[in-house]
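Working notes, beginning with the structure itself.
Predicted model, so just to flag it, every value in this text is computed and none were measured.
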There are 2 protein chains.
Amino acid sequence: MSNYSSDDIGNYASVFSALSNPHRLQIYTLLSGCCTPGSRCDIDAVTSCCVGDLGNELDIAASTLSHHLKELSHAGLINMQRQGKQIICSVNPDMLNAIRQFFHTNTEITDEPETSR
Amino acid sequence: MSNYSSDDIGNYASVFSALSNPHRLQIYTLLSGCCTPGSRCDIDAVTSCCVGDLGNELDIAASTLSHHLKELSHAGLINMQRQGKQIICSVNPDMLNAIRQFFHTNTEITDEPETSR
DNA sequence: GCTATAATTCGACATATTTCGAAATATAGA
DNA sequence: TCTATATTTCGAAATATGTCGAATTATAGC
């Protein structure tokens with residue numbers, strides 16, 4: 001897990017920063033338990049992926065939720081795409097893989113995380 | 001990665017919070033590239049594990065370093081134990097395993113290889 | 001074009017975090 | 001016991017974060 005450039009350290013730090021808020025971490029776990037990118041959950045599934053549905057689980061103002069989603073998105077942890085009136089959120093699998101590799105010392109790192117900020 | 005209690009979410013959020021600062025993340029990666037708990041690095045190794053040695057790598061005030069180490073320790077990420085005048089730091093392997101587990105449970109990733117049995 | 005719904009942006013405020021230097025504590029050795 | 005070294009605690013200041021409500025933007029359907 002050693003041998004990271006200071007840029008890498010900074011990028012991973014912002015990834016963990018995005019996951020450091022309980023509401024954001026909950027959003028991320030909800031999404032990861034739900035759809036894969038490009039798909040949407042079935043109507044009957046426990047959780048769904050549009051912003052409004054996430055809001056129903058969280059008991060925070062819509063503006064706060066929006067702010068949190070932007071943080072997760074900027075960190076590269078989730079993808080967001082409009083579909084009609086709604087915006088569908090999903091876990092970014094590349095970043096999840098990068099995180100997994102980060103925590104495995106003996107693994108060569110192939111994908112560096114790229115935060116969009 | 002779903003199905004965590006709100007307590008769990010809170011605990012993991014504070015773990016990620018501890019890793020969200022670049023200095024702290026650097027400390028953690030330095031330690032993880034170094035000793036296992038109970039042992040100390042060889043004198044000639046690039047990095048060592050006592051507080052002062054970490055300080056040499058970081059260019060921050062000793063009091064700031066101390067504060068960061070306390071955060072990492074409180075989060076359960078590292079162990080600290082006095083040995084004479086020095087305090088030796090090491091990665092807590094249980095927490096590292098818990099983190100690894102966190103990012104693997106219950107999460108299907110589309111481009112993950114599937115074993116044929 | 002108008003209206004309803006979904007989500008974001010903005011501005012403000014309270015709280016938390018990061019950092020430092022100075023002072024305090026702990027330990028080993030003379 | 002006195003001194004030097006290692007580390008922590010304390011208090012203060014600057015900056016960042018989390019949150020809300022109000023206003024705004026985007027879209028679909030009538």
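- The CD1-P distance, from Ile60(B) to dA14(D), rounds to 20 Å in whole Å.
- Listed pair Arg24(B) / dT17(C) fails the phosphate criterion, with no side-chain N or O lying under 4.0 Å from OP1 or OP2.
- Among the atoms of the strands shown, none is found under 4.0 Å from any heavy atom of Leu65(A).
- Counting to the nearest Å, the P atom of dT17(D) and the CZ atom of Phe16(B) are 18 Å from each other.
- Regarding Gln81(A), its CD atom lies at a distance of 13 Å from the P atom of dA7(C), rounded to whole Å.
- What separates CD of Glu71(B) from P of dT8(D) is a distance of 13 Å, to the nearest Å.
- For the pair Asn21(B) and dA16(D), the criterion of a side-chain N or O lying under 4.0 Å from OP1 or OP2 is not met.
- Annotation: Asp59(B), atom CG; neighbour count of heavy atoms from other residues, nucleotides and ligands within 6.0 Å does not exceed 12.
- His67(B) has its NE2 atom 14 Å from the C1' atom of dG11(D), to the nearest Å.
- Using a 4.5 Å heavy-atom threshold, the side chains of Phe102(A) and Leu25(B) count as touching.
- When the nucleotides dT8(C), dT8(D), dG21(D) are ranked by their closest atom to the side chain of Ser63(A), dG21(D) comes out on top.
- Between Asn79(A) and Val91(A), the shortest heavy-atom contact is OD1-O, 4.1 Å.
- In this structure, the CG atom of Leu19(B) is 12 Å from the P atom of dT18(C), given to the nearest Å.
- Taking atom CG of residue Asp53(A) and atom P of nucleotide dT5(C), one finds them 16 Å apart after rounding to whole Å.
- Where Ala62(A) and Ala61(B) meet DNA chain C, the nucleotide closest to each residue was compared, and Ala62(A) sits on the side nearer the 5' end.
- No close placement of the Tyr4(B) and Tyr28(A) rings is indicated, their centers lying 6.0 Å or farther apart.
- Proximity note for Ile87(A) (side chain, C-beta onward) versus dC20(C), dT5(D), dA7(C): the nearest is dA7(C).
- The side chain of Arg82(A) lies closest to dA26(D) when the candidates are dC20(C), dA26(D), dT9(C).
- Each of dT27(D), dA7(C), dA28(C) was ranked by its minimum atom distance to the side chain of Lys85(B); first place goes to dA28(C).
- Atoms CG and CG, from Leu30(A) and Asp53(A) in turn, are 10.5 Å apart once rounded to the nearest 0.5 Å.
- Rounded to whole angstrom, the span from the CD1 atom of Ile78(B) across to the P atom of dT7(D) amounts to 12 Å.
- Mapping His68(A) and Lys70(B) onto DNA chain D by nearest heavy atom places Lys70(B) at the nucleotide closer to the 5' end.
- Distances from the side chain of Thr64(B) to the nucleotides dA7(C), dT9(D), dT19(C) place dT19(C) closest.
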